[in-house]
Amino acid sequence: MKSYLRTALAEALEKAGYDLPAAITVERPRQDGHGDLTTNCAMVLAKAAGKKPRALAEEIVAQLPRDPDLIAGIEIAGPGFINISFTETFHRRQLALLLEAWDAFGRSAAGQGRRVQVEFVSANPTGPLTVGHGRGAVFGDTISRLLEWTGHVVEREYYFNNAGRQMRILGDSVRLRYLELLGDAIEFPADYYQGEYIKDIARGVMEKHGDSKRGEPAEGLFKAVAEEEIFADIRKTLGSIGITFASYFNEHSLYTDGKITEVVDALKAKDLTYEQEGALWFKASALGNEKDKVIIKSTGEPTYRLPDIAYHCEKFKRGYDLMIDVFGADHVATYPDVLAALKALGYDSSKVKVLIHQFVTVMQGTEVVKMSTRKANFITLDELIADAGCDAVRYFFIMRTVSSHLNFDIELAKQKSDENPVYYVQYAHARISSILRFAEKEGRVASGARANFDLLVAPEELALIKQLLQFPETVESCALTHEPHRLADYLHDVAAMFHVFYHHHRVVTPDEGLTAARLALVQAVKIVLRNGFTILGISAPEQM
RNA sequence: GCGCCUGUAGCUCAAUUGGAUAGAGUGUUGGCCUCCGGAGCCAAAGGUUUCGGGUUCGACUCCCGACAGGCGCACCA
């Protein structure tokens, strides 16, 4: 519709003797009573034309085509908006298309098969996922689902590092707990991993090997066992909220494959490095960033920045059209250097889209729950899912913009009551299912696209129909702007409008024709809700 | 001190990316089931969009400056 109107506008403007300016918008007005689509073109053009916006709008409107089956009215309003309304018949006709598309309603080819890689979670296997990881996990997965629905080919990837200092400490933490279990007197350093899970892993080693591993170095068995168990745990947690990855990329492979040295050589060749105090520095400041950064320590070990660059070079070689990195706010400082390096190495860094999500504050009612991996008081994502359930967890994480510092109220998410927002939308679905069951019991069957939609004349029905028809464009814009929270908003509105409709009108009545039309309408609502839930990764309950 | 993010109703957050009268949930108050699910609906109340400037037809949105909070600012990841 928008593109139809754009071309119609362009033609009208041409006839009136103006060029179509790039800055005009054609969009749905946010206010009822302002038509179905609105354009600001008269206001944008007014200054250059030396005319009053409203007078100019008159000229343009006079040139617009008016198909009576399609256009119900064109009005000039406010400072010079041109508002266009479509006929009710037009909207109703679209309902048949919705029912025809069914499970595919909302899918589009907007992405044209472009290959997108989405990298997210990427937590190193040093401990269970926290609530904080949960936000990135749900966000990354929902972005992926949105892109899949809009015609992109998506690959989810998890990047991890099982080498380095952190992992050494992890292995040694397990070793010490193991010795402790064997009755040895140990001193457990404060900066070691304090969690209970370390003791569990140590206990596992003891049960399997007895005391035979007393002399084992931390880096061998202990580290390997810890990594394996923790990773299995992470996958299980993610799996329980419907998240799986196509690939897990091990940072370590960048060393064995020689990718790291390739990058160092390439940077050296571009004269973007220098040595100082025994370390190799990257000239980030020469590329417009704040300061230079060490990429190889004086010990000869690279800092994390270097493999990050090498990893992204690797991604580029795989030929993706778009690479999305989902990071937590604690990683903000790292990506400008990586992007600068990629650009300097000749890659199109605009293909890398870095999405930062802000931190989650966990609330227990009005109490802030302090999070620390060191201490025992952190809440794992696993515990949260066990308490609140997959649907509530996913919905809570996705219903806010990623840039908001969101409060996650555990008490609220746990509640199975009307205070919990996820139940509101799911309730609408369950209610519809119940209506359809009732109708079937009464011997009425939804006749689908064959119903006479012209019988749906009530304002609540028309409002609902219009809302449903916006689903595809909502999905598309959520996907392209990487803003999944707007889908949650939209579905909430669908549910609300359905409830209003339900309150005003009976679906199953003695009137055969009307019943058929309303059953079809309600079925359409159910389809939109269910398709939306599928994208959000939450269930569509037949009853609650 | 510097960088990124945030500041909107009592509370948690939206606002079609610069549009018309800033909206939801929750909480408070008062209504609505002889009828398809009351986990619902309706109504009232609640706002100088932190503050001060600027840009333009038009600003919660963009720019500058304060103030407040979060996250970073390693030869940790």
Side-chain angles (χ1 to χ4, degrees), chain A residues 23 25 27-31 33-34 38 40 42-44 46-47 52-53 77-81 83 122-124 126 161 164-167 251 276-281 289-291 293-299 301-305 307-308 328-334 336 356-359 361 363 366 399-409 412 416-421 423-424 426-428 430-439 441-442 444 470 473-474 477 481 483 485-486 488-490 492-493 495-496 498-500 502-509 515 518-519 522 543-544:
Chain A
T25 60
E27 59 194 10
R28 267 184 39 79
R30 106 173 66 197
Q31 194 96 31
H34 289 159
T38 186
N40 62 354
M43 291 179 291
V44 175
K47 199 164 197 180
K52 288 187 175 168
F81 290 100
N83 297 335
S122 296
N124 289 338
T126 57
N161 178 15
R165 199 179 73 96
Q166 282 187 21
M167 293 301 289
E251 178 185 319
Q276 194 179 331
E277 295 164 15
L280 190 68
W281 292 69
N289 287 354
E290 214 183 333
K291 43 181 141 173
K293 298 285 164 55
V294 170
I295 51 173
I296 298 180
K297 303 183 224 172
S298 51
T299 60
E301 275 185 320
T303 63
Y304 64 90
R305 232 171 286 265
D308 269 6
D330 52 341
H331 285 242
V332 263
T334 82
I356 304 285
H357 63 267
Q358 295 301 314
F359 271 33
T361 307
M363 307 287 290
T366 52
M399 70 181 180
R400 308 301 186 200
T401 67
V402 274
S403 58
S404 75
H405 306 244
L406 80 74
N407 284 9
F408 192 115
D409 186 342
L412 183 59
K416 292 195 181 349
S417 77
D418 54 350
E419 285 175 44
N420 191 332
Y423 286 97
Y424 182 83
Q426 289 184 319
Y427 180 67
R431 199 179 220 184
I432 292 169
S433 305
S434 172
I435 294 170
L436 295 175
R437 280 194 298 271
F438 174 82
K441 205 176 70 191
E442 299 283 304
R444 310 298 193 79
Q470 280 159 45
E473 78 184 64
T474 303
S477 84
T481 58
E483 290 179 345
H485 75 277
R486 281 168 43 209
D489 262 13
Y490 166 83
H492 179 272
D493 288 347
F498 163 72
H499 286 310
V500 171
Y502 174 86
H503 185 257
H504 283 86
H505 308 285
R506 277 192 65 87
V507 175
V508 180
T509 65
T515 300
R518 286 192 175 153
L519 281 173
V522 159
Q543 49 193 323
M544 296 169 68

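Below, read A as the first sequence line, B as the second, and so on, with proteins coming before strands; counting in each chain starts at 1.
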Regarding [X], tell me which of base, sugar-phosphate or nothing describes its non-hydrogen contacts under 4.0 Å with the strands shown.
X         : value
Ala428(A) : nothing
Pro29(A)  : base
Val500(A) : sugar-phosphate
His505(A) : base
Leu412(A) : nothing

Check side chain to side chain donor-acceptor pair (under 3.5 Å) between [X] and all other residues, then give those that pass, not counting sequence neighbours.
X         : value
Asn289(A) : Asp337(A)
Arg28(A)  : Gln470(A)
Asp409(A) : none

Side chain of [X], backbone of [Y]: donor and acceptor closer than 3.5 Å?
X         : Y         : value
Arg486(A) : Thr474(A) : no
Thr303(A) : Val294(A) : yes
Asn161(A) : Asn124(A) : no
Thr515(A) : Thr509(A) : yes
Arg444(A) : Phe438(A) : no

Grab the [atom1]-[atom2] distance between [X] and [N] for me, whole Å please.
X         : N      : atom1 : atom2 : answer
Leu406(A) : A14(B) : CG    : C1'   : 14 Å
His499(A) : C33(B) : NE2   : C1'   : 16 Å
His492(A) : G40(B) : NE2   : C1'   : 12 Å
Asp493(A) : G25(B) : CG    : C1'   : 11 Å
His504(A) : C32(B) : NE2   : C1'   : 11 Å
Asp409(A) : G27(B) : CG    : C1'   : 13 Å
Tyr490(A) : G25(B) : OH    : C1'   : 19 Å
Tyr424(A) : A39(B) : OH    : P     : 13 Å

Going by salt bridge (Lys or Arg N to Asp or Glu O under 4.0 Å), name the residues that satisfy it together with Arg400(A), two or more places apart in sequence or in a different chain.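 Residues passing salt bridge (Lys or Arg N to Asp or Glu O under 4.0 Å) with Arg400(A): none at all.
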
Say we look at [N] and [M]: how far apart would their [atom1] atoms be, to the nearest angstrom?
N      : M      : atom1 : value
G18(B) : G54(B) : C1'   : 16 Å
A59(B) : A20(B) : C1'   : 13 Å
U50(B) : C60(B) : C1'   : 12 Å
G19(B) : G58(B) : C1'   : 7 Å
A24(B) : G46(B) : C1'   : 14 Å
G70(B) : C32(B) : C1'   : 44 Å
U8(B)  : U49(B) : P     : 12 Å
G10(B) : U21(B) : P     : 23 Å

Can you check whether [X] has a side-chain N or O nearer than 4.0 Å to OP1 or OP2 of [N]?
X         : N      : result
Tyr502(A) : G38(B) : yes
Thr401(A) : A14(B) : yes
Ser404(A) : G7(B)  : no
Ser403(A) : U6(B)  : yes
Asn407(A) : C13(B) : yes

With nearest nucleotide decided by heavy atoms, which residue, Val402(A) or Glu27(A), maps closer to the 5′ end of RNA chain B?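 First, find each residue's nearest nucleotide; the 5'-ward one identifies Val402(A).
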
Assign each of Ala439(A) and Ala495(A) to its nearest nucleotide of RNA chain B by heavy atoms, then name whichever residue's nucleotide is nearer the 5' end.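 Checking each residue's closest nucleotide, the 5'-ward one belongs to Ala439(A).
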
In terms of side-chain heavy atoms of His503(A), which of C35(B), G37(B), G40(B) is nearest?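 Output: G40(B).
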
Where the side chain of Ser434(A) is defined as all heavy atoms beyond and including C-beta, which of C36(B), G38(B), G19(B) is the nearest nucleotide?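 The nucleotide sitting nearest to the side chain is C36(B).
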
Stacking check: are the rings of His34(A) and A20(B) less than 5.5 Å apart at their centres and under 30 degrees in tilt?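 Ring-base stacking flag set for His34(A) and A20(B).
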
Does some side-chain heavy atom of Tyr427(A) sit less than 4.5 Å from a side-chain heavy atom of His499(A)?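 They are in contact (side-chain heavy atoms under 4.5 Å apart), so the answer is yes.
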
With a 4.5 Å cut-off on side-chain heavy atoms, are Met43(A) and Pro79(A) touching?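 Yes - at least one pair of side-chain heavy atoms lies under 4.5 Å apart.
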
Whether the side chain of Asn83(A) and the base of A20(B) hold a donor-acceptor pair under 3.5 Å is what I'd like checked.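 By the distance-only test, yes, there is a pair.
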
Nucleotide by nucleotide, nucleotides 70-77 of chain B touches protein heavy atoms under 4.0 Å in the pattern (B base, S sugar-phosphate only, - none) BSSS-BSB

Roughly how far, to the nearest 0.5 Å, is the NZ atom of Lys297(A) from the CD atom of Glu277(A)?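 Output value for this atom pair is 15.5 Å.
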
What form does the base of C11(B) take, syn (within 90° of 0) or anti?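 Anti conformation here, the glycosidic angle of C11(B) being more than 90° from 0.
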
Report the stems of RNA chain B as range-with-range entries sorted by first number; a stem here is at least three consecutive pairs, Watson-Crick or G-U wobble, both distances under 3.5 Å, and write none if there are none.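 Result, WC/G-U stems under 3.5 Å: B:1-7 with B:67-73, B:10-13 with B:23-26, B:28-32 with B:40-44, B:50-54 with B:62-66.
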
